[in-house]
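I have placed the structure first, in the form of C-alpha cells, so that the comments after it can refer back to it.
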Amino acid sequence: MGTQRNGAAQRRAAAVTPDAIQAYLDRLTAKGRGASTVKNYSNKLTMFYQELPEGKQVTEQVLLDWRQSLLERGYSPNTVNTYLTAVNGLLDHIGRRDLQLVDRLELDPSVQPELTRAEYLRLLGAAKVLERERTYLLVKLFALTGIRVGDVAGLSAWSVERGQVQGTDNSGRAHGIPLPACLQEELRDYLRRTGTAAGPVFVTRNGRPLRRTQISKEIRDLSKPAQVAEGKCNPRCLRKLYQATQEHIEANVRLLVRQAQDQLLEQEQMAIGWAGIGLSG
C-alpha cells in the first residue's frame, strides 16, 4: 500500500530541468514571440528553477509555497500572476497541465495600469519640450528612486548634496533612498538656477513645499503632449515602474550568477573530474 502511495506522489510531481526550460523558450521563439518576451520568460523561469527545493521537483504545494513567498517579498499580485503564467506555460510544455495553478490572484480594483519605460521616456520628453523642468525632475524622481509622494517634501538642498533622501517603506519605517548620480547632478543644477541654498527643492511661489495634489496634477498634465494614457500619468505608476525595473535587474543578476557558477564548475570538472583521472589497471 505504501508503495502505491509513493508512486502516486511521484506521478503528482514533475522534474524541471534547464534543458526543459530552454526547449520551452525555443518553442516560444519558434511561435514568433518577440525577443523581449522570451527574455522576460527566461528570467522568470530561471528564478523559479533556482528557488525550487532540492531535487527540482514541482508539485502543487511547491507552486503554492513559491507564490506565497513572492507575495511576502513584496511582489504585487499582478506581478506574481505573470510569474505563474510563465511557469504554467512551462508545465504545459512538459505535459503536466495537471500541476498548473490556474486560479489567478485577485487584483485590487484601485491598482493602477502599468506604465512602460517607453511611455516614461515620452513623459520626460514632453516635459523638456514644454520647458517644465520641475515636472521633468518630479517624473524622474519617482521613476528612479521609488520615493512616495508624501516624502517629496523631505527632498532638500542638503539631501541633494548628500545624495540621499529620507523615505518611508510600506510599514511607515524611515529609510534612506539614494539619488542616482544623473538625477543628483540635474537637481544640483536646478537648485543653482532657482537660487535655493537650503530647504525643500520643490516649492510653490510662496516657498511652501508642493502638495500631493499639485505634484499629481503637474505629472497628469503631461498626458496629452506625451501621448500617454492619463491613468498612467501619476506618481504611483512611476513608482511601480521603478519596482518593476528593480525586479527585472535582480532577475538578470541571478541569471548571471548562475551562469558564472556553471562556468566555474565546468572548469573544475575539466581539471579534476573523475572521468578525467587516468586510472591504471
Side-chain angles (χ1 to χ4, degrees), residues 34-37 39-40 43 76 78-79 82 111-157 159-168 176-196 199-205 209-252:
S36 61
T37 298
K39 177 68 173 176
N40 192 1
N43 290 337
S76 69
N78 186 53
T79 298
T82 64
V111 169
Q112 298 289 329
E114 299 285 345
L115 177 74
T116 67
R117 200 147 197 90
E119 290 172 330
Y120 154 67
L121 294 176
R122 292 213 300 274
L123 290 176
L124 291 180
K128 286 183 66 176
V129 169
L130 296 171
E131 298 184 348
R132 297 179 186 173
E133 185 178 11
R134 185 173 72 184
T135 309
Y136 167 92
L137 290 171
L138 284 169
V139 169
K140 210 165 193 179
L141 178 66
F142 290 116
L144 299 191
T145 69
I147 192 172
R148 294 177 178 277
V149 66
D151 294 326
V152 172
L155 180 65
S156 64
S159 60
V160 169
E161 193 57 37
R162 184 180 172 217
Q164 181 172 288
V165 61
Q166 192 80 348
T168 53
I177 302 175
L179 297 173
C182 61
L183 176 60
Q184 183 185 24
E185 189 57 37
E186 288 182 327
L187 287 170
R188 281 174 176 162
D189 290 342
Y190 178 74
L191 290 172
R192 282 195 290 267
R193 284 194 292 276
T194 57
T196 306
V201 173
F202 302 116
V203 295
T204 64
R205 292 179 180 177
L210 289 180
R211 298 191 305 273
R212 293 169 182 253
T213 54
Q214 291 174 294
I215 293 172
S216 297
K217 183 179 184 305
E218 284 198 21
I219 297 175
R220 187 170 60 249
D221 285 347
L222 293 176
S223 172
K224 288 185 178 179
Q227 296 184 339
V228 177
E230 186 175 309
K232 297 182 179 183
C233 300
N234 55 69
R236 186 172 181 181
C237 281
L238 288 164
R239 288 187 65 244
K240 284 181 64 178
L241 175 64
Y242 165 80
Q243 293 163 353
T245 301
Q246 293 299 303
E247 291 173 5
H248 178 70
I249 292 173
E250 289 169 3
N252 282 336

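Minimum heavy-atom separation, V160 to L179: CA-CD1, 3.9 Å. Looking at every heavy atom in both residues, L144 comes nearest to P180 through O-CG, 3.9 Å. Across Q214 and R211, no two heavy atoms sit closer than the pair OE1-N, 2.8 Å. Counting all heavy atoms, side chain and backbone alike, L123 lies closest to C233 at CD2-SG, 3.8 Å. The shortest non-hydrogen separation linking P235 to I215 is CG-CG2, 4.3 Å. Among all heavy-atom pairs drawn from A143 and Y242, the shortest one is O-CB, 3.3 Å.
Formation of a donor-acceptor pair under 3.5 Å by the R134 side chain with backbone atoms of V203 is found in this model. With T82 contributing its side chain and T79 its backbone, the two residues share a donor-acceptor pair below 3.5 Å. Distance alone, capped at 3.5 Å, is enough to place a donor-acceptor pair between the T194 side chain and the L191 backbone. A side-chain donor-acceptor contact under 3.5 Å links S216 to the backbone of R212. In this structure a side-chain-to-backbone donor-acceptor pair under 3.5 Å is missing from T204 to L210.
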Mind running side chain to side chain contact (heavy atoms under 4.5 Å, CB included) on L187 and L155 for me, showing each step along the way? CA-CA 10 Å; L187 287 170; L155 180 65; 4.2 Å; yes

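Between the CD1 atom of I147 and the CD1 atom of I177 there is a distance of 4.5 Å, given to the nearest 0.5 Å. In this structure, CG in D221 is found 10.0 Å from CG in L130, a value given to the nearest 0.5 Å. A distance of 14.5 Å separates NZ of K128 from OG1 of T135, quoted to the nearest 0.5 Å. Distance CZ/R117 to CZ/R122: 14.0 Å, rounded to 0.5 Å.
The pair E185-R192 counts as a salt bridge, with a side-chain nitrogen and a carboxylate oxygen less than 4.0 angstrom apart.
Considering only heavy atoms from C-beta on, E161 comes within 4.5 Å of R188 through its side chain. In this structure, the side chains of L137 and E133 come closer than 4.5 Å at one or more pairs of heavy atoms. When side chains are defined from C-beta on, L241 does not count as touching E119, because their heavy atoms never get closer than 4.5 Å.
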